[in-house]
Amino acid sequence: MVRLITHNLLACHVKGCTSNNFPLEFKDVQVVLRDSEFNPDFLRGFIPKIEWPALTGAARQLGDTSLPDQLPEMQDDDFLKVLHHVLLEIHVEEGTMICPNCKHNYPISNGIPNMLLAEHEIG
Amino acid sequence: MPDFLLVFAQSHSEFRLPELESVAELYGFPLSLPADSDPSRPFMPLQLESEEHARLLASRCILIKYVYELYAQGGNYDELHVANSANIHLWSSYAHDTSFKFLVTAYNHKIPESRQRNVVEGFDYMGFMGKIDLKNPQIILGCFEEYDSSAGLAITRHDRDGRFRQVYFGRLVVEGSARALVKTFDVKKRLYYGNTSMESEISLLMANQAMASPSKLVYDPFCGTGSMAYPIAYFGAQVFGSDIDGRQMRGKAGKDQPPGVLRAAKQYGVADRIIDLCTFDVTCNPWRCGDLFDTIVTDPPYGVRAGAKRLGRKKELSEVQKAANIEHQLSARNKLEPYIPPTKPYELSLLAADLVVLARYLLKPGGRLVFFLPTVNEQYEEVDIRSMLCDGMLLVANSLQDFGSWGRRLVTIRKATDESYPPPSFEEEREPGGHVPGHKDFREQYFRGFKKED
């Protein structure tokens, strides 16, 4: 867990941290690959929500370079299978996600990220 | 359009119609409920375009026990037989050599065997020549007498016999197959659950209100031990869960095992569809954008067994305390002693109102919010629910599960707009003067035994 689909949806939400707060940077991660059922309809529905550079950046940081720099206009099954793998089959089990702006650390433990803020960060 | 007879399970009558409507909408066929349909009755005649639609309803509605093709009904047997004779075209093709079984039963009553035989003989004019086969009949014919409840009536079974409200007759089309899921998801057989886990039948009804289906993205912001996630994922949807208390999702098994929610999900073969579980307070949430989810479905903690919490402190700290506290937060910690921020109670009526505004932000156009709201029966008014709605959000259904002095309402709300909305402010101070709903301070009312304050 902490799949890249989730990573692509989470921004730093510390009070006042509203710019350059996405994507969070991975640090000291343990990655596990797990097969997952391929659902092209789900992927097509989700593509409009993807921040593409954030996704390719995160994938490369985790050692996967299979995605093209730009979201291709033709989204055939071959492409969707690659996207499926990156979005849903790479799991970050341990490590930290760090806000590029305020440097808040969001620790990941046993696959569950702790996105709770400290008392002084909620304002 | 052919007439059908729905035979409902004898529970959760207020959930029957919303479930039918949701499942019909899910499969994209029209459902025209008769204006006089009374969902508190266990038999419901219903016109459907085709037998296929009847089968779809029976495959997914948790509360449907059987669907019959309705040949006739009446207030007495004379009326029934006149109507049945007029519908000879519906059953004459079975008369020659179709093997059959004949059921005669009653609701709220038991028909003596001798009269059961008389009832069957009363259908002699149909001229069914096929073999009677009790084990593997080609068709099953059913005759149902519906009695009003005998509770409180000084009348013997013998005297009551035959004094039914209505009698129905037809051919079994299909047995409800979704009802078996109530056992499949039985909480007691689940590998991981907690004391607030939702019973399986209700969680399945919620999944139907949520119209869970493949390729949908669903979010539970008060995920807890994951009761909602399992049936939703079972119906094919992908689920996100979050909770302010990560221990609910993890369980006590420690780091060598997957989190508890995933262990239970694996038991049901749906672990892969739990996309992720995150620890955060929904009032300080990290979602990057809105218009994300097809459905938000949740059972918020309402304070009987577990109260809702949000980040913050009940009492403000002094400046000196604040400084000391920040130092405490920033001091280096090992993994075994993570910093745990303070929380304070999240009052139920505020939580419910926030949930609607949050859903308007996070749902895709047309998406649904499905959640439980506990209410005090004596104080509940319809306006309590209406006043929670905001611009763009429409009430779809509101069904009570009654526990006597209180109950909980399964509320279904639809985002009926294409517009995008900003995230809610989650401010704690609200404009005074608005409607005060009966569910405000539910926890305090519960522990007071729902008596009025002195």
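Quick caveat, the model's predicted, so the values are computed rather than measured. So you know, we letter chains A, B, ... as the sequences are listed, proteins then strands, and number each from 1.
Of all heavy-atom pairs spanning A:Leu116 and B:Phe280, the tightest one is CD2-CA, 3.9 Å. For the pair B:Cys284 and A:Leu117, the tightest heavy-atom approach, listed with the atom from each and the gap, is CB-CD1, 4.3 Å. Minimum heavy-atom separation, B:Ile275 to A:Leu88: CD1-CD2, 4.2 Å. The two residues A:Asp35 and B:Asp272 have their closest heavy-atom pair at O-OD1, 4.1 Å. The heavy-atom pair separating A:Ser109 from B:Arg250 by the smallest distance is O-NH1, 2.8 Å. Of all the heavy atoms in B:Asp291 and A:Lys49, the pair that sits closest is O-CE, 3.0 Å.
For A:Phe46, the part lying near chain B is the side chain, with the backbone staying farther off; criterion is any non-hydrogen pair under 4.5 Å. Interface remark: A:Glu51 contributes backbone and side-chain atoms alike to the contact with chain B (heavy atom separation under 4.5 Å). The part of B:Leu262 that comes within reach of chain A is its side chain, from C-beta onward, which places non-hydrogen atoms under 4.5 angstrom from that chain.
Summarising the local packing, NZ of B:Lys344 is surrounded by more than 12 heavy atoms from other residues, nucleotides or ligands at distances under 6.0 Å. When the shell of 6.0 Å around CZ of B:Arg247 is examined, it contains 12 or fewer heavy atoms from other residues, nucleotides or ligands. Around atom CZ of A:Phe26, more than 12 heavy atoms belonging to other residues, nucleotides or ligands sit under 6.0 Å away. The local environment of NZ in B:Lys309 is crowded, with over 12 non-hydrogen atoms from other residues, nucleotides or ligands closer than 6.0 Å.
Under the 3.5 Å distance criterion, the side-chain polar atoms of B:Arg288 are matched with a main-chain donor or acceptor of A:Asn8. Without hydrogens or angle criteria, A:Asn110 side chain to B:Gln257 main chain gives a donor-acceptor distance under 3.5 Å.
In this structure the side chain of B:Asp276 reaches within 4.5 angstrom of the side chain of A:Arg3, judged on heavy atoms.
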Stepwise side-chain contact (heavy atoms from CB on, under 4.5 Å) check, B:Gln238 with A:Ile5: CA-CA 12 Å; B:Gln238 316 270 348; A:Ile5 184 174; over 6 Å; no
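Of the candidates A:Asn114, A:Thr6, A:Val2, A:Ile112, B:Cys278 forms a side chain to side chain contact (heavy atoms under 4.5 Å, CB included) with just one, namely A:Thr6.
For the set B:Pro214, B:Cys289, B:Ser242, B:Pro286, the entry with the most heavy-atom pairs within less than 4.5 Å of chain A is B:Pro286.
Neither side chain, B:Ser215 nor A:Asp41, offers a donor N or O lying under 3.5 Å from an acceptor on the other.
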